[in-house]
Amino acid sequence: MRIGVFICHCGSNIAGTVDCAGVAAQAARFPDVAYSTDIMYACAEPGQDAIIEAIREHGLTGVVVASCTPRMHEPTFRRAVERAGLNRYMFEMANIREHVSWIGKDMDANTNKAAELVRMAVAKLRLNRELTPKSFPVTKRVLVIGGGVAGIQAALDAADAGLEVVLVEKEPSIGGKMAKLDKTFPTVDCSSCILGPRMVDVAQHPKITLYAAAEVESVSGYVGNFSVRIRKKATCVDWDKCTGCGLCTEKCPSRKSYDRFNEGVGPTTAIIIPFPQAIPKKASIEREFCRQFTRGKCGVCAKVCPTGAIDYDMQDSFVEVEVGGIVAATGYDLMDWTVYEEYGGGRYPDVITSLQYERLLSASGPTGGHVRRPSDGAEPRDVVFIQCVGSRDPSVGRPYCSGFCCMYTAKQAILTKDHIPDSQSYVFYMDIRSPGKGYDEFTRRVQEEYQAQYIRGRVSRIYPSRGKLVVCGADTLMGTQVEVAADLVVLAVGGEAAHGAPQLAEKLRISYDQYGFFMEGHPKLKPVETNTAGVFLAGSCQGLKDIPSSVAQGSAAAAKVIGLLSRDMLESDPQIAQVTVSRCIGCGKCIEVCPFKAIQEIDLRGQPRAEVIETVCQGCGVCNATCPQGAIQLSHFTDNQILAEVEALCRF
């Protein structure tokens, strides 16, 4: 074997603390190394051309590049060696940037460690074998999970490109959090006026199949060929017959149930149409509040329904769909702010969340757009907004910034003045974070034009006194304690991952962080991709973001899906597990631990044996480490290859 070794300077990133020429000189003495040199920028076009030229000139059969992380540049170098005529898997990469040069400044120690990593890569490469990917057909259909603004954008973009789209939304209507908003920042234009036409486009698009009041039950298969089982929840209303006339909601006698869409600030009925612009505009019964289910008698809605759409015996049903790609756009939820006892812990009716306040401001809300205190219906004059409730607070497990709270508080202060001209708004804040286009100007506008008083400091306590709520806090700029007698207190509650997000991540076989947000493939280079091929992310399920960013990511995810499914055939990665049947005892431990469900049990002459589903396997190696018989080996990372690396390190 003739191996070529190339040590990258990466400018001063590596060369600043590693003697690259010295590492190259040492590598020239390693077994089977026929050529060794150092390059200023290996990933640049001249660097890749130099690698290709060296392969051809010196007849190299394998290449080692020592530079930065393989996660970032390994595909680049694999393509380069392939252009020179080598198999892409006759390439190894040693990370001497993140693992060496960025750790310490001791030139001698770094140089020695870099040489050791190169020696290990050479030892592994000597045992590499050529691998060939296999091709398989794709299903040109997309599943979008979540009907918020990001999911809507992704669905429309994919459908406009000619792909069939299945959109699944767990609520009875699409629209997500944006549908609950009155206005949007920084333009203060009507939220439903922007979103409404997009929702109608979804309903009328010939390429989109919408399943509202539905959830993903299970996902199997692999990129290009996913099998998805969708649970259609029983709404007790036949949506094929329902016309959305609303007569049932008018006549329903149960009027004390909690209205999820209005965040509980107003009563509703047991049978509901979420809001006037709902898509689909269909009624659904909430069984936990319906007298027909709680008392065994009522039936008013069935009696008044002109189309006979009410079906009390309806049960959940299931739909099986085949898709080639999946976009997760499940959004976010507000954290449970009642853990804050200093803010009343939910005991004071006039301490409400920002989203509840949006419903009071909205013309489609329970008060018709008239701001009223929940306790007595009076119009408030002094309104206090408290920032960072459940954001930037490690004590409640939310150390991150939600990102949009500063802006929506400023918007609500403006709307408060528009609704109640003689009102006064007070905003307690830690810092104002407004990095978007026009955002900083917007926060200055609320202070300068609308006279909102911004007080830099945390609130320590809220207590009722003489019909008002006394808000006690600190003004850290003035160095004084502050007390404000408020008629209404609005908490800028931070966001968290959508409820059930970790469970969905496990169904999709994707990673999620400690807060429940889905993990992207790379924070910079793959912001909408995941570690599972064919599954993409859009919107706040990946991390909290505002509407423009959610829309942009929805389009980005759609672009990735369109690019993926534009091909008739896809290639599988040959770096997968392989079972040596003669050593397998059929214990099934590999099946239990496989996170991708890529191993199945087969019957071989009456004996159970494990078999790897090649197109599903992601090459994680968990089965390899688990198998007690050593019957499973991971192609390109066999036990012998790994042991060769260890021996190369220990031999010197």
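Quick caveat, the model's predicted, so the values are computed rather than measured.
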query: Is there a donor-acceptor pair under 3.5 Å between the side chain of Lys207 and the backbone N or O of Asp160?
result: no
- prompt: So does Lys134 pair up with Glu571, basic N to acidic O under 4.0 Å?
  reply: no
task: Would you check if the side chain of Asn87 reaches a backbone N or O of Leu131 as a donor-acceptor pair within less than 3.5 Å?
output: yes
- prompt: Got Arg198 and Leu156 here, is their nearest side-chain heavy-atom distance under 4.5 Å?
  reply: yes
message: Restricting to non-hydrogen atoms, name the atom on Ala24 and the atom on Asp38 that form the minimum distance, rounded to 0.1 Å.
response: CB-N, 4.1 Å
field: Carboxylate-amine/guanidinium proximity below 4.0 Å for Glu74 and Arg78
entry: yes
- prompt: Any luck finding a side-chain donor-acceptor pair between Lys545 and Gln542 under 3.5 Å?
  reply: yes
message: Run the ring-ring contact (aromatic ring centres under 6.0 Å, His included) test against Phe318 and tell me which residues pass, sequence neighbours left out.
response: none
query: Can a salt bridge be assigned to the pair Arg392 and Asp431 using a cut-off of 4.0 Å between side-chain N and carboxylate O?
result: yes
query: Is Thr17 reaching over with its side chain to a backbone N or O of Met107, donor-acceptor style, under 3.5 angstrom?
result: no
- prompt: If we ignore angles and hydrogens, is there a donor and acceptor under 3.5 Å between the side chains of Asn640 and Thr638?
  reply: no
- prompt: Are any of the side-chain heavy atoms of Asn128 and Glu92 separated by less than 4.5 Å?
  reply: yes
query: Heavy-atom distance under 4.5 Å between the side chains of Val535 and Phe518, does that happen here?
result: no
- request: Using a strict cut-off of less than 4.0 Å between a Lys/Arg side-chain nitrogen and an Asp/Glu carboxylate oxygen, indicate whether Glu82 and Arg88 qualify as a salt bridge.
  value: yes
field: Non-hydrogen atoms of Ser391 and Gly494 that approach each other most closely
entry: OG-CA, 3.3 Å
message: Check for me whether Lys124 meets the cation-pi criterion with Phe637, that is, NZ or CZ under 6.0 Å from the six-membered ring centre and within 45 degrees of the ring axis.
response: yes
statement: All heavy atoms of Phe77 vs all of Ala42, minimum pair found to be CE2-O, 3.3 Å
field: Cation-pi geometry met for Lys177 and Tyr332 (6.0 Å, 45°)
entry: yes
message: Salt bridge or not between Glu217 and Arg229? Use side-chain N to carboxylate O under 4.0 Å.
response: no
- request: For the residue pair Asp546 and Ser549, confirm or rule out a side-chain donor-acceptor distance under 3.5 Å.
  value: yes
pair Ile510-Leu537: side-chain heavy atoms closer than 4.5 Å: yes
message: List the residues meeting side chain to side chain contact (heavy atoms under 4.5 Å, CB included) with Met120, not counting sequence neighbours, and say none if there are none.
response: Leu117, Glu645, Leu649
message: Can you tell me how far apart SG (Cys617) and CD (Gln575) are? Round to the nearest 0.5 Å.
response: 10.0 Å
field: Side-chain ion pair, Arg398 and Glu496, N-O less than 4.0 Å
entry: yes
query: How about Phe596 and Tyr222: are their ring centroids closer than 6.0 Å?
result: no
query: Does Arg141 pair with Glu322 as a salt bridge, N-O distance under 4.0 Å?
result: no
message: Looking only at the aromatic ring of each residue, does the gap between the centers of Tyr512 and Phe517 stay below 6.0 angstrom?
response: no
